[in-house]
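A short write-up of the structure that comes next.
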Amino acid sequence: MANEQNIAPVFIENATLAFRNFSGVAGRFNQEGNRSFCVELEKDIAKEMEANGWNVKYHPLLPDEDEPRAFISVSVKWNHNYPQFNPHIIMINSHGKRELDESNVAILDGAVIANADVALRAYRWEMNGKTGVKAMLKSLYVTLEEDEFERKYASVPDLDLSDGEIPDSTMNTTTFAAIK
């Protein structure tokens with residue numbers, strides 16, 4: 001797609017993610033189905049992105065701040081016609097990593113994030129004589145914060161209850177029936 005040419009991707013390590021809506025739930029600032037989140041930007045990155053036409057925005061100045069904090073809204077979209085532009089999202093914990101897709105990425109809405117590394121690609125748009133550069137998610141590596149019990153029990157396999165049958169030992173334990 002010609003729209004991505006001439007603007008290099010932006011890579012942000014240890015990013016702060018805000019206003020997470022990976023589920024695409026409709027809200028005050030979002031239409032149903034539009035998945036998005038915001039990334040807080042360092043001053044130098046914000047200036048460089050603005051110079052390249054990205055739609056950088058600023059939080060209102062707080063009483064204890066000297067300068068407003070910059071951020072950019074990022075769209076998360078899957079397109080089956082152009083799968084090469086689909087986001088690559090990896091969730092990481094102490095026991096490994098897992099790639100997320102549009103069916104399970106909503107888990108990140110409520111996750112406690114220890115670290116996030118983000119790559120953004122530019123999408124040039126034009127509509128009704130106006131133009132701009134929209135931030136699209138290229139890749140996201142998210143390390144989840146885990147508590148002691150999550151680490152302790154992470155290696156315990158999940159029960160397969162897809163057939164509706166509960167294994168005998170589990171049935172006896174969960175129903176408090178006497179074991180004969």
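Side chains are part of it too, since the values below use all heavy atoms of this structure and drop only hydrogens, waters and symmetry mates.
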Polar contact flag, side-chain donor to acceptor under 3.5 angstrom, S36-N34: no
Aromatic centroids of F19 and F37 separated by under 6.0 Å: no
Which atom of Y123 lies closest to which atom of M136, heavy atoms considered: CB-CG, 3.7 Å
Donor-acceptor side-chain pairing of H95 and E146 below 3.5 angstrom: no
Hphob cluster co-occupancy, I12 + Y58, side-chain heavy atoms under 4.5 angstrom: yes
Approximate separation, where rounding is to 0.5 Å, of L120 CG and I45 CD1: 9.5 Å
Modelled atom types, side-chain donor and acceptor of K57 and S73, under 3.5 Å: no
hydrophobic_cluster_shared for F71 and L108, side chain cutoff 4.5 Å: no
Donor-acceptor contact present, side-chain N93 to main-chain G96, <3.5 Å: yes
Hydrophobic cluster (4.5 angstrom, side-chain heavy atoms) - remaining members for F149: Y153, V156
Check: R69 side chain, K43 main-chain N or O, donor-acceptor pair, under 3.5 Å: no
Exceeds 12 heavy-atom contacts within 6.0 angstrom, atom CZ of R98: no
R124 vs T131, side chain to side chain contact (heavy atoms under 4.5 Å, CB included): CA-CA, chis, key distance, verdict: CA-CA 7 Å; R124 287 187 189 270; T131 62; over 6 Å; no
ILVMFWY cluster, M91 and W78 together (side-chain gap under 4.5 Å): yes
Student check: side-chain heavy atoms of N86 and N79 closer than 4.5 Å: yes
Sidechain-backbone polar pair: D109 side chain, F22 backbone, donor-acceptor under 3.5 Å: yes
Closest non-hydrogen atom pair, E32 against A26: OE1-N, 3.2 Å
Nearest heavy-atom neighbours spanning V133 and A122: CG1-CB, 3.6 Å
Check: C38 main-chain N/O paired with R20 side-chain donor or acceptor under 3.5 Å: no
E40 atom CD, over 12 foreign heavy atoms within 6.0 Å: yes
Interatomic distance, S139 atom OG to R121 atom CZ [nearest 0.5 angstrom]: 11.0 Å
Sole candidate of V74, N14, T16, L17 that passes side-chain contact (heavy atoms from CB on, under 4.5 Å) when paired with V118: L17
